Number of protein chains: 2
Amino acid sequence: MKKPNNTYHHGDLRASLLREAAALLRDSGIDGLSLRRLSERVGVSRTALYHHFSDKHALLCALAADGFAQLDALMQPLSPASNAPPAERYTAFAKQYLDYATKNPSLYGLMFGHTLWRDKLADDSLKQIAYESFRHHLAAVKRWQEAGILPKEQDSLRLTQVTWGTLHGLAQLVIDGVYADSTHLEDICQCVGQLFCGMRTAKPQ
Amino acid sequence: MKKPNNTYHHGDLRASLLREAAALLRDSGIDGLSLRRLSERVGVSRTALYHHFSDKHALLCALAADGFAQLDALMQPLSPASNAPPAERYTAFAKQYLDYATKNPSLYGLMFGHTLWRDKLADDSLKQIAYESFRHHLAAVKRWQEAGILPKEQDSLRLTQVTWGTLHGLAQLVIDGVYADSTHLEDICQCVGQLFCGMRTAKPQ
DNA sequence: CAGTGAATCTTGACAGTGTCAAAATGCAGC
DNA sequence: GCTGCATTTTGACACTGTCAAGATTCACTG
């Protein structure tokens, strides 16, 4: 009886939900992203969502998966060689990672923090894209080790975990504003680059 | 009219709330810590808490402050010199930090993640103890720089931010089980130690 | 000891949340 | 044109944090 207009079936609800959810997340943070507010914003009932996502967590997983895809794409073009000194190249890489994190704080917090992983709630597609992103990072670390940018004697897997851990930890600290603010981001990245590549001989390719 | 027994005034409610809240946090995680469950567990009304904490966030801040105190105390005895090689000393330090984090995952997540900081909701006592903890770490870094354990040429503040960031990021990754699991914690810490102290000459004191 | 004020605790209520069951609606195919 | 199915809605439930108003007890003053 209600809604006699031709839009009972929304047609593209899943995509609309994701789009508006991302906007809501960006504007109001993770706490401001409630299903009622989202559905109201999309112009649909509160439970319409359940025919496209099994759960609220499923929606959040999809958002996080998009975030990983963005982050992965962003870090891809970093691989080509340049003739800058190793430390500077790694510094630029760190800067790019931290820039993405600080420019999308809520999304970044969703991708990692927010119980998605802790409670085994991450669905398979999220796991897949997240692990793929890690494998890309691992491959880059191996390349940098062979190029003499990162220490060759370290196990590549451990080194990847540590370097990613460093970037991730710094991102969190800067986002939350606990021990670092974004005004000194440049200096921090430089310190990271020198620490990881510092003593290494510049041996470009 | 109710509760004719002599326990209308609980007498030590604030402390009891904190104790049970910590237990609830440990057992059921951050999402399982609701004020109703907590008050029921303490045996008191749902709003009794509001006479001792202005807010739920205030309670969480108090819990987090306790966590910082524990972490700070734990890392204090690490300062005395030993004659082990630098990398091993730092490895042990990292291991201690990550052990605390992984053994108290929910509390650690509360101390950092959980919007306490992001939304400027941290009250002054929490800020104070957290910053004090950071200053202790900074002082330790300076000592280690002078002892030749950490690179002397780096700015101490930046170096502290980076080293803490590394430990923090690894803690998060291990806790959430994203890219690292706790079985390889030893190896990871070793990698950290060698990375930060690796090329440095062993110059104890 | 009586009595008053403040501190503490309880009950009732409200808006908000995620989610399930059942009914309503529109689309595609026989 | 009718039937089955996917989609959407309405109603309801248990749960959350928090406020206002009343009940109870403690500490202190006269």
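Only heavy atoms go into these numbers, but all of them, side chains included; no hydrogens, no water, no symmetry mates. Chain letters run A, B, ... following the sequence lines, proteins first, then strands; residues in each count from 1. Source: prediction; values computed, not measured.
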Just the rounded figure in Å: distance from [atom2] of [N] to [atom1] of [X].
X: A:Leu49; N: C:dC20; atom1: CG; atom2: P; answer: 12 Å
X: B:Tyr50; N: C:dA13; atom1: OH; atom2: C1'; answer: 14 Å
X: B:Leu13; N: D:dC26; atom1: CG; atom2: C1'; answer: 16 Å
X: B:Phe53; N: C:dC9; atom1: CZ; atom2: C1'; answer: 15 Å
X: A:Asp31; N: D:dT18; atom1: CG; atom2: P; answer: 12 Å
X: A:Glu40; N: C:dG18; atom1: CD; atom2: C1'; answer: 16 Å
X: B:Arg46; N: D:dC15; atom1: CZ; atom2: P; answer: 13 Å
X: B:Arg14; N: C:dA7; atom1: CZ; atom2: C1'; answer: 16 Å

- side-chain hydrogen bond (donor to acceptor under 3.5 Å, both in side chains) with B:Tyr179: which residues, sequence neighbours excluded?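 In terms of side-chain hydrogen bond (donor to acceptor under 3.5 Å, both in side chains), with neighbours along the sequence ignored, B:Tyr179 is linked to no residue.
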Give every pair of a protein N or O atom and an N or O atom of nucleotides 15-17 of chain C that lie under 3.5 Å apart, one pair per line with the distance.
| unit_1 | atom_1 | unit_2 | atom_2 | d |
| --- | --- | --- | --- | --- |
| C:dT17 | OP1 | A:Ser34 | OG | 2.9 |

Does a distance-only test, which skips hydrogens and angles, find a donor-acceptor pair under 3.5 Å between the side chain of B:Ser45 and the base of C:dT11? no
**Item:** Under 4.0 angstrom between B:His52 side-chain N/O and C:dC9 OP1 or OP2
**Value:**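 Yes.
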Are any of the side-chain heavy atoms of B:Met75 and B:His136 separated by less than 4.5 Å?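 Side chain of B:Met75 against side chain of B:His136, heavy atoms only: no contact under 4.5 Å found.
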All heavy atoms of A:Leu107 vs all of A:Gly67, minimum pair found to be CD2-CA, 3.9 Å
Does the A:Ser133 side chain pair with the main chain of A:Ile129, one donor and one acceptor, at a distance under 3.5 Å? no
- Given ring pair (Phe, Tyr, Trp, His ring centres under 6.0 Å), test A:Tyr97 with A:Phe93 step by step and report yes or no. CA-CA 6 Å; A:Tyr97 187 100; A:Phe93 172 72; 7.1 Å; no
Exercise. For B:Gln194 and A:Gln154, run side chain to side chain donor-acceptor pair (under 3.5 Å): C-alpha distance rounded to whole Å, both residues' side-chain angles, the deciding distance at 0.1 Å, then the answer.
Key: CA-CA 9 Å; B:Gln194 291 174 6; A:Gln154 294 294 329; 2.7 Å; yes
